[in-house]
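Some notes on the structure that comes next.
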Number of protein chains: 2
Amino acid sequence: MDLNKFFNPKSIAVIGATIDKNKVGYAILFNLLRGEKRNLYPINPAHQEILDLPCYRSVLDIKNPVELAIIIVKAEFVLSVLIECGQKKIPNAIVISSGFKELGKNGENLEEKLKQICKKYKISLLGPNCLGIIDSLSDLNASFAIQKPFRGHIGFLSQSGALGTAMLDWTNNKGIGFSKFISLGNEAVLSELDFLEFLGNDPDTKAIFLYLEKITDGEKFIKITKKITAKKPIVVLKAGRSVRGLKAVMSHTGSLAPQDSIFETACKKSKIITTDSLHSFFNLAKLFHIRTFKPLRQIAILTNGGGPSVIATDLIDLSKTLEIAKISNKTLKELKKILPPAAAINNPIDILGDASATRYEEALKILVKEKNIDGILLILTPQFMTESEKIAEILTSYAKQKPVIPVFIGGESLENAQKVFRKKGLVNFDFPKDAIESLDALGAVKLIKKKKPIPAKSPDKTELKMMKISQTTKILNDFNLKLEGQLIRKKKDLNKLFKTKKEQLLAMKIISQNIIHKTDIRGVKLNIKNLTEAEKSWDLIIKSAKKKYPKAKIEGVLIQQMANGKEIIIGMKRDQVFGPVIIFGLGGMFVEALKDIALGIAPVNQNEALKMIGEIKGFNILKGLRGEKSVNLSKIADIIVKLSKLSLAHPEIKEIDLNPVIVNEKTAHIVDARFMV
Amino acid sequence: MDLNKFFNPKSIAVIGATIDKNKVGYAILFNLLRGEKRNLYPINPAHQEILDLPCYRSVLDIKNPVELAIIIVKAEFVLSVLIECGQKKIPNAIVISSGFKELGKNGENLEEKLKQICKKYKISLLGPNCLGIIDSLSDLNASFAIQKPFRGHIGFLSQSGALGTAMLDWTNNKGIGFSKFISLGNEAVLSELDFLEFLGNDPDTKAIFLYLEKITDGEKFIKITKKITAKKPIVVLKAGRSVRGLKAVMSHTGSLAPQDSIFETACKKSKIITTDSLHSFFNLAKLFHIRTFKPLRQIAILTNGGGPSVIATDLIDLSKTLEIAKISNKTLKELKKILPPAAAINNPIDILGDASATRYEEALKILVKEKNIDGILLILTPQFMTESEKIAEILTSYAKQKPVIPVFIGGESLENAQKVFRKKGLVNFDFPKDAIESLDALGAVKLIKKKKPIPAKSPDKTELKMMKISQTTKILNDFNLKLEGQLIRKKKDLNKLFKTKKEQLLAMKIISQNIIHKTDIRGVKLNIKNLTEAEKSWDLIIKSAKKKYPKAKIEGVLIQQMANGKEIIIGMKRDQVFGPVIIFGLGGMFVEALKDIALGIAPVNQNEALKMIGEIKGFNILKGLRGEKSVNLSKIADIIVKLSKLSLAHPEIKEIDLNPVIVNEKTAHIVDARFMV
């Protein structure tokens with residue numbers, strides 16, 4: 001199949017051309033005439049001449065060969081004119097007309113017949129129900145789009161005509177061009193896969209954009225796209241992602257893989273960039289328009305405003321693949337030399353609100369030479385005296401040495417700068433996020449790995465210390481909270497304890513202000529049944545504590561009943577700005593591995609506490625899975641509320657861990673408590 | 001403190017005014033002269049006259065009282081002129097000059113002295129290092145912003161001057177106005193809290209926008225904003241969210257509450273809308289500019305293009321608070337009457353690519369009367385013959401009856417429509433997402449609850465059935481996979497089994513094609529020690545199975561050793577488009593409560609399998625928390641790879657559950673397997 005003839009035919013029959021300017025049959029002929037000169041044959045039995053071209057009754061009346069037929073007649077007449085195209089041996093046809101599969105049963109039948117005719121006469125057919133095609137290089141506009149796109153290197157394939165025109169309208173406004181534009185329609189014969197393959201091989205197309213609502217064949221889709229993305233990027237905007245109408249499935253596994261995540265997985269396999277919004281789709285078009293095909297990792301931010309650069313720094317830090325470039329000392333020195341003392345030279349480079357075009361240029365000149373920088377985000381806000389137009393000119397010239405991505409934020413005063421970009425084949429990103437997200441999406445498919453962030457400095461042991469257990473217990477009691485168990489200070493007291501205890505399993509835990517993580521040093525023994533076991537455990541616990549922390553002051557050993565239920569963690573952290581922040585989460589692996597927590601700012605009332613509990617992802621687990629009964633949520637809320645009051649009353653306490661709290665249907669037990677002061 | 005005098009002073013001294021057009025001292029006086037007529041006193045010992053106004057050497061030379069001083073002199077001269085302001089009893093001052101705290105140590109000292117002077121002379125001071133203020137109602141521009149904003153009802157407070165000007169420039173371009181604009185600067189005296197409170201009480205301000213980098217006092221912030229949001233919305237763009245430089249904390253709890261989530265929690269408490277990008281910040285400004293203060297829930301989509309309406313429907317479905325409005329039969333009938341047969345009348349209402357202004361109007365006329373619709377998203381794509389300007393006119397008139405939110409997607413051809421919106425006080429949203437996200441953010445703080453989505457239809461029992469265990473085992477064996485244990489078909493065979501078994505704990509499970517969830521019907525017994533227990537369990541299992549599923553064909557009971565390790569689930573779902581999709585996740589509560597899974601499309605090789613394993617959030621748990629050893633990841637990958645091959649070879653199998661697979665340091669056991677055909 002040679003789709004090239006679609007895009008640069010020598011002769012075209014326009015079947016259903018008309019003189020009525022309000023009709024598509026006019027628009028198409030008009031658009032064709034606006035482009036490269038070709039042999040055009042309007043077909044319409046009602047006219048002698050259209051737009052100064054002689055008009056024919058049928059393609060069969062044309063003497064010369066015809067390479068492409070464009071059909072715009074009403075649906076019911078399409079079949080008969082298509083047969084004539086077959087008889088005329090026209091290899092390629094575009095059916096613009098609607099009234100087929102999209103209308104349901106009757107339309108489907110008509111479309112089936114259309115397919116059969118194409119098969120019989122070996123016609124490659126695009127459509128029906130489409131907008132047509134555009135090739136900006138061969139200067140062919142075989143569509144009824146009102147926009148005439150610029151030349152460019154982006155190929156665009158759309159399963160929605162409306163979205164196609166919206167894209168054309170938008171890109172035209174920004175000066176972004178296309179190599180080829182194809183509106184796919186119902187894909188009766190040629191599918192998105194055929195055109196994808198074609199664009200993959202098209203040397204004029206450097207990046208492919210796809211709007212998809214359905215995929216004809218998943219396996220082929222992966223195979224074709226995998227091959228293409230090794231050479232050029234593919235961006236897909238996939239609609240129809242939401243859960244609506246998700247088919248019911250039977251097995252457990254089945255329910256875990258909704259359609260949209262399967263599509264995401266397929267795209268990942270093929271290294272396709274996916275987006276879920278038109279906005280990011282368009283931003284990616286900007287990125288490839290300015291020929292940023294290679295991922296950038298180390299980013300320098302050059303700015304005349306603090307706020308936007310703080311925002312950009314945040315976004316880069318949070319991105320998957322981008323980093324704030326670490327600038328070499330040599331470059332820092334050079335920057336220092338040319339910039340005013342108040343300027344920030346460590347990336348982000350803030351050259352201040354009064355930055356002139358000259359100052360931008362001097363900084364750029366230095367930055368493009370720095371090896372640690374892969375690309376420069378040039379942020380500009382239109383302040384008093386900001387020469388945005390001049391700065392745009394300068395930017396475009398330095399962009400030849402190293403990618404410089406413009407982020408001019410504003411509107412009214414930037415119009416001339418935008419014109420400069422347009423003229424020079426660049427385009428502005430309206431916000432830092434637009435540029436950063438697009439770059440990050442490109443990096444992510446290219447599997448660029450971010451360097452590990454510099455770890456937060458290790459905890460300063462002298463900063464906070466743990467409160468004594470006696471004091472902790474007292475404060476808890478003041479707020480009607482109870483730490484389970486009994487503190488035994490001497491081994492011999494175990495004897496006394498076991499005299500009064502009935503038969504039940506016990507837990508024993510080391511208590512020392514100097515030991516925060518008891519389990520880590522084997523300071524906890526569980527399931528203790530009797531005095532003998534308890535005494536043995538006592539020795540083991542004390543021994544290992546003394547081994548790990550020889551200087552630790554041991555207060556004793558806490559003896560508790562083994563509690564049944566689910567582990568939760570309730571805590572407090574005193575924030576410098578907002579005061580006590582209450583933290584709630586599922587204990588154990590959940591909180592450690594998944595950081596699945598809810599926060600509340602004191603004072604937290606019962607209602608707010610219940611809301612917090614409901615906020616965690618693992619809430620189902622507390623509510624009880626598969627018919628299991630719910631734990632007592634109001635008992636949890638009760639502890640949260642009391643902890644909130646306690647924290648407000650005791651500003652000297654900086655952090656609190658009630659971890660674990662064990663909760664069941666009936667009640668909640670505080671099994672361990674640490675107060676840090 | 002009466003901040004009103006800041007915004008409508010009768011007399012203003014501009015200290016540091018100048019005749020040099022490139023200087024801020026000129027710009028401010030110029031901006032003041034552009035506004036409402038006030039008594040203006042330029043102060044500069046070097047000039048006699050500036051911009052035709054008599055110039056003074058000092059404020060002390062002015063005979064009349066002065067209500068506001070604006071200070072633009074160099075930092076080192078600020079203190080002395082401020083003392084003169086004090087002596088002159090000027091109550092309010094704005095210090096534009098930079099060179100204070102933002103410069104470090106020396107600047108801090110200077111700023112401290114500034115504060116002391118203000119205290120001594122009771123001067124309310126804004127700044128230093130700020131852009132100034134604007135009041136569009138009193139027509140005061142006491143800033144050096146080049147933009148002159150329109151009148152409007154949005155109050156804007158910014159801790160970044162650059163961001164302030166960018167916002168002004170952008171809003172000016174869209175015709176969005178402000179009531180008041182305040183650039184806060186260093187907040188030496190007056191803070192964001194003072195102006196927040198003021199804007200909260202300002203009748204001309206209907207919504208407050210805040211750009212924040214820091215908060216002076218968390219408790220006060222919550223108190224003040226809580227009060228305001230009961231009356232008008234507050235939107236905050238908070239910068240400085242990323243993890244960089246997060247302080248190390250000591251307790252477990254402490255590490256769970258990074259600064260940015262605490263801020264989020266505080267905002268939630270105060271019902272503040274927060275955003276993390278300028279783009280959404282600006283979009284929210286659009287929402288409040290068009291006076292959508294009340295959340296909308298039931299949304300109708302009126303469109304001339306399929307693609308964008310599919311995208312919009314997705315976004316509404318995925319939103320927290322919005323729903324696709326269910327349109328009444330009466331309205332549907334009326335729509336049907338006026339629309340062409342190919343139009344879709346069920347929401348989204350797609351009135352087709354050739355929709356004229358009249359068709360849009362006829363549809364709008366009906367939709368604004370429908371009670372089930374809270375608001376209409378009017379989507380337009382510029383297609384051939386789309387009368388965007390006329391449609392904009394029509395929209396603005398129907399927007400008076402019911403919120404109609406314009407989403408005209410495109411660029412070039414929409415300029416006239418944009419002008420119409422501007423003239424009528426409306427503004428266009430460029431993309432469906434921009435409007436929907438903004439509406440959703442508003443709904444979320446107002447605690448609008450979404451109705452429960454219609455549940456997916458219950459599984460059709462006849463659709464898939466479970467494969468026999470013998471066949472399942474055979475196929476697994478073909479691919480070198482082994483289901484643990486031994487199937488016992490008759491109770492008496494238990495005897496034989498226990499003769500050969502050494503002492504170990506066993507598990508017993510019912511096996512029947514008709515029983516999918518074994519545990520639910522008590523079809524599983526664990527920790528069985530001997531024959532007696534096994535026989536007892538046999539009876540219990542069979543009895544309860546027969547009770548729950550009297551017609552079930554019972555194949556036997558599977559006897560397995562109790563395996564030690566972590567539960568994972570490996571599965572397959574055959575997708576219609578992409579074929580076998582392999583699913584991997586942590587078993588038990590993790591997969592059920594958290595849906596923490598990774599997908600892969602067959603064929604999955606060893607590398608891809610290992611990547612899948614690393615993708616789940618609970619990966620840490622497999623790698624081993626707190627010094628625990630990692631499970632054997634390559635054994636898991638092995639099963640994934642084999643299952644992928646198996647699935648490709650057996651297209652008749654539609655879904656597979658290997659659940660649980662129990663994995664430890666050494667190996668992985670498939671403990672249960674279900675094949676659905």
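The structure displayed is predicted, hence computed values, not measured ones. In what follows, every chain begins at residue 1, and chains take the letters A, B, ... in the order their sequences are listed.
Checking side-chain atoms of B:Asp596 against main-chain N and O of B:Gly618 turns up a donor-acceptor pair under 3.5 Å. Of the possible donor and acceptor atoms, one in the side chain of B:Asn304 sits under 3.5 Å from a partner among the backbone N and O of B:Thr381. A donor-acceptor pair under 3.5 Å is absent between the side-chain atoms of B:Lys269 and the main chain of B:Ile222, judged by distance alone.
Options A:Ser413, A:Ser277, A:Gly306, A:Pro308 differ in how many heavy-atom pairs under 4.5 Å they form with chain B, and the most are formed by A:Ser413. Contact tally against chain B (heavy-atom pairs below 4.5 Å) for A:Val24, A:Thr265, A:Leu163: the top residue is A:Thr265. Counting heavy-atom pairs under 4.5 Å between each of B:Pro341, B:Ser98, B:Gly410, B:Gly164 and chain A puts B:Gly410 at the top. Most heavy-atom pairs under 4.5 Å with chain B: of the set A:Gln383, A:Glu219, A:Lys617, this distinction falls to A:Gln383. Annotation: maximal heavy-atom pairing with chain A below 4.5 Å, among B:Ser143, B:Gly307, B:Ser160, occurs at B:Gly307. Among the candidates B:Pro382, B:Gly600, B:Gly305, the residue making the largest number of heavy-atom pairs closer than 4.5 Å to chain A is B:Pro382. Contact count versus chain B (heavy atoms, under 4.5 Å) is highest, among A:Lys268, A:Lys174, A:Lys654, A:Met167, for A:Lys268. Interface summary for chain A: among B:Gly579, B:Ala27, B:Gly161, the most heavy-atom pairs under 4.5 angstrom belong to B:Ala27. Between chain B and the options A:Gly353, A:Ser158, A:Ala266, the largest number of non-hydrogen pairs under 4.5 Å is found for A:Ala266. Counting heavy-atom pairs under 4.5 Å between each of B:Thr386, B:Thr165, B:Leu103 and chain A puts B:Thr165 at the top.
Contact annotation for A:Ile146: only side-chain heavy atoms (C-beta onward) come within less than 4.5 Å of a heavy atom of chain B. Neither the backbone nor the side chain of A:Gln159 has a heavy atom closer than 4.5 Å to any heavy atom of chain B. If you measure heavy-atom distances from A:Ile215 to chain B, the contacts under 4.5 Å come from both the backbone and the side chain. Contacts between A:Glu102 and chain B at a heavy-atom distance below 4.5 Å are absent for every atom of the residue. Residue B:Phe619 does not touch chain A at all, counting heavy-atom pairs closer than 4.5 Å. With a 4.5 angstrom heavy-atom cutoff, A:Ala342 touches chain B via backbone and side-chain atoms both. Interface residue A:Pro432: only side-chain heavy atoms are found under 4.5 Å from chain B.
Legend: residues meeting ring-ring contact (aromatic ring centres under 6.0 Å, His included) with A:Phe408, ordered by chain and number and at least two apart, are A:Phe421. By the ring-ring contact (aromatic ring centres under 6.0 Å, His included) test, A:Phe431 pairs with B:His279, B:Phe282, sequence neighbours left out.
Between B:Ile311 and A:Phe281, every side-chain heavy-atom pair lies at or beyond the 4.5 Å cut-off. Inter-residue side-chain proximity for B:Asn659 and B:Arg674 is flagged as met; some heavy-atom pair is nearer than 4.5 Å. B:Ile583 has its side chain out of reach of B:Ile569: every pair of non-hydrogen atoms, C-beta onward, lies at least 4.5 Å apart. By the 4.5 Å heavy-atom criterion applied to side chains, A:Lys433 and B:Asp276 are counted as neighbours.
Rounded to the nearest 0.5 Å, atoms CG (B:Asp314) and CD1 (B:Ile324) are 9.0 Å apart.
If you run side chain to side chain donor-acceptor pair (under 3.5 Å) between A:Gln147 and each of A:Asn172, A:Thr171, A:Asn173, A:Asp169, only A:Asp169 comes through.
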